[in-house]
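Below is one structure, written out as structure tokens; comments come after it.
These numbers were taken from a predicted model, which means no experiment stands behind them. In what follows, every heavy atom counts, from backbone to side chain, and hydrogens, waters and symmetry copies are set aside.
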Amino acid sequence: MSNHILEKISVIVPCYKVAAYVEKCLLSVINQTYSNLEILAIDDGSPDDTPAILDRLAKQYSQLKVIHKKNGGVSLARNTGLSHATGDYIVFVDGDDFLAPDYMEYMLDLVHKTGAEFCLSLDCFKKQRESQTVCQSIKTVSPADAVALLLSPRVVVGCWNKIYKRNLLIKHNCIFATDLFYGEGLNFIITVAQWANCVGIGNRKAYYYRRNNVLSATTQFNIKTLESNNKSLNRIERNLKFHTPLINTMLILHRSLFYLSTAVRIRTAGQLTVYRSEYQQCMSYVRKNYLKLLFNPKVSIYRKCMLLVGCINPWFLVKLDVIRRKRIVAQSVGA
């Protein structure tokens with residue numbers, strides 16, 4: 001991989017209640033093989049030791065700048081980082097995750113090999129002792145195909161594991177929706193994909209995605225995620241620049257899988273009596289749209305089977321979900 005030293009990458013790290021993880025995260029950014037970095041750690045009014053850790057590291061490493069602000073949520077924290085960024089490219093890293101040493105070099109290499117204003121890797125490290133992708137590839141796709149891909153289960157939803165040309169974000173005022181606390185990443189990346197000249201796709205693992213942080217919004221059960229994700233998906237659908245059969249299929253599939261997951265988690269948490277109307281809303285959508293997905297060749301057999309089992313016997317998925325979540329925590333990177 002070539003080292004394009006003239007191009008600066010602004011790395012934005014939102015930090016809230018990540019005292020146990022943030023030093024490892026930031027040191028993995030600081031110790032990158034690609035050195036032309038501007039690292040912006042945004043302390044989102046964290047009540048734990050996170051601010052003190054950030055200030056200590058900032059005294060040691062000149063490329064790290066810490067911005068302290070009142071708590072306003074992850075979207076506002078990332079937007080704060082964007083407003084201070086001066087790099088040619090933007091990379092987001094979550095404060096509880098960490099990077100392989102050549103992550104920045106690899107992402108910038110994707111940019112130069114594809115000529116894309118927005119690039120991503122399909123894969124990342126999620127488990128301990130996980131092997132590297134064997135058949136590595138790089139390709140370029142159209143914005144419309146990128147939207148369908150980002151809505152599909154193939155991509156882990158989030159703004160991380162991606163790189164953005166900063167001028168693209170500025171030109172189209174691409175920022176995070178501060179009224180969303182869940183689904184904000186998907187809304188952002190789909191907006192960016194639609195404005196990009198094209199999207200570069202790689203599949204090398206260089207990002208370590210931690211899944212054993214019990215304080216993370218993706219691990220805690222909160223019924224408000226249903227409302228926030230609904231708002232996000234409705235906004236995405238309303239603002240689509242492209243309307244293709246594949247995008248429509250993946251939008252239905254994305255909603256169906258999220259609703260099924262929500263229904264399962266309501267049961268797992270023992271909250272069916274409290275959230276019965278939300279549960280029925282979720283299951284109604286899944287059952288109404290299952291046949292549209294059953295005969296669609298773009299939907300994998302695995303996803304079809306999951307939806308079918310969910311329609312017939314949600315309790316089976318509840319039992320599997322309990323086992324799956326325990327295994328995720330036990331096998332997560334950094335565990």
Polar side-chain atom of [X] near backbone of [Y] as donor-acceptor pair, under 3.5 Å:
X: N234; Y: N230; answer: yes
X: N71; Y: D44; answer: yes
X: S228; Y: Y182; answer: yes
X: K162; Y: G158; answer: yes
X: T133; Y: N203; answer: yes
X: N31; Y: L27; answer: yes
X: D88; Y: K8; answer: yes
X: Q32; Y: S28; answer: yes
X: Q194; Y: K241; answer: yes
X: S10; Y: G87; answer: yes

Partners of [X] by salt bridge (Lys or Arg N to Asp or Glu O under 4.0 Å), sequence neighbours excluded?
X: E184; result: R78
X: D97; result: none
X: R56; result: E23

Parallel under 30°, tilted from 30 to 60°, perpendicular over 60°: which one fits the rings of W160 and Y207?
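Rings of W160 and Y207: parallel, as their planes differ by under 30°.
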Under a 4.5 Å side-chain heavy-atom rule over Ile, Leu, Val, Met, Phe, Trp and Tyr, are [X] and [Y] clustered together?
X: L99; Y: Y34; value: yes
X: F258; Y: L180; value: no
X: V74; Y: I12; value: no
X: I170; Y: I9; value: no
X: L260; Y: I301; value: no

Counting only heavy atoms not in E38, do more than 12 fall under 6.0 Å of its CD?
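Counting other residues, nucleotides and ligands, CD of E38 exceeds 12 neighbours.
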Should we count NZ of K304 as having more than 12 external heavy atoms under 6.0 Å?
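More than 12 heavy atoms, drawn from other residues, nucleotides or ligands, come within 6.0 Å of this atom.
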Nearest heavy-atom pair of P153 and L257: which atoms, and what distance?
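Closest approach of P153 to L257, heavy atoms only: CG-CD1, 3.6 Å.
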List the atom of P143, the atom of A193, and the distance in Å for their closest heavy-atom pair.
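Closest approach of P143 to A193: CB-O, 3.2 Å.
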Using ring centroids (six-membered ring only for Trp), state whether F98 and Y103 fall under 6.0 Å.
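So the answer is no for these two rings.
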Less than 4.0 Å between a side-chain N and a carboxylate O, is that true for [Y] and [X]?
X: K205; Y: E130; answer: yes
X: K113; Y: D109; answer: yes
X: R255; Y: E237; answer: yes
X: R154; Y: D123; answer: yes

Is there any ring-ring contact (aromatic ring centres under 6.0 Å, His included) pair reaching into residues 259-297, and which pairs are they, with sequence neighbours excluded?
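Residue pairs with at least one partner in residues 259-297: Y259-Y285.
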Which pairs count as ring-ring contact (aromatic ring centres under 6.0 Å, His included) when at least one residue sits in residues 113-152, sequence neighbours excluded?
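Counting only pairs at least two positions apart or across chains, the ring-ring contact (aromatic ring centres under 6.0 Å, His included) contacts touching residues 113-152 are F118-Y164, F125-Y208.
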Rounded to the nearest 0.5 Å, what separates atom NE2 in H84 from atom CG in N79?
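Separation between the atoms: 12.0 Å.
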Stacked cation flag K319 on W315, 6.0 angstrom / 45 deg:
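Because its charged atom misses either the 6.0 Å distance or the 45° angle limit, K319 does not stack over W315.
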Quick one: does P47's side chain get under 4.5 Å of K17's, heavy atoms only?
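A side-chain contact under 4.5 Å exists here.
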Heavy-atom check, side chain of H254 versus side chain of V157, under 4.5 Å
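In short, these two side chains touch, coming nearer than 4.5 Å.
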Looking at residues at least two apart in the chain, or sitting in another chain, which of them share a ring pair (Phe, Tyr, Trp, His ring centres under 6.0 Å) with H172?
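Once residues adjacent in sequence are excluded, the partners of H172 under the ring pair (Phe, Tyr, Trp, His ring centres under 6.0 Å) criterion are W195.
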Assess whether side-chain hydrogen bond (donor to acceptor under 3.5 Å, both in side chains) is satisfied between N296 and T249, documenting all intermediate values.
CA-CA 8 Å; N296 194 309; T249 295; 3.0 Å; yes
Mind running salt bridge (Lys or Arg N to Asp or Glu O under 4.0 Å) on D43 and K69 for me, showing each step along the way?
CA-CA 6 Å; D43 164 35; K69 59 179 289 298; over 6 Å; no
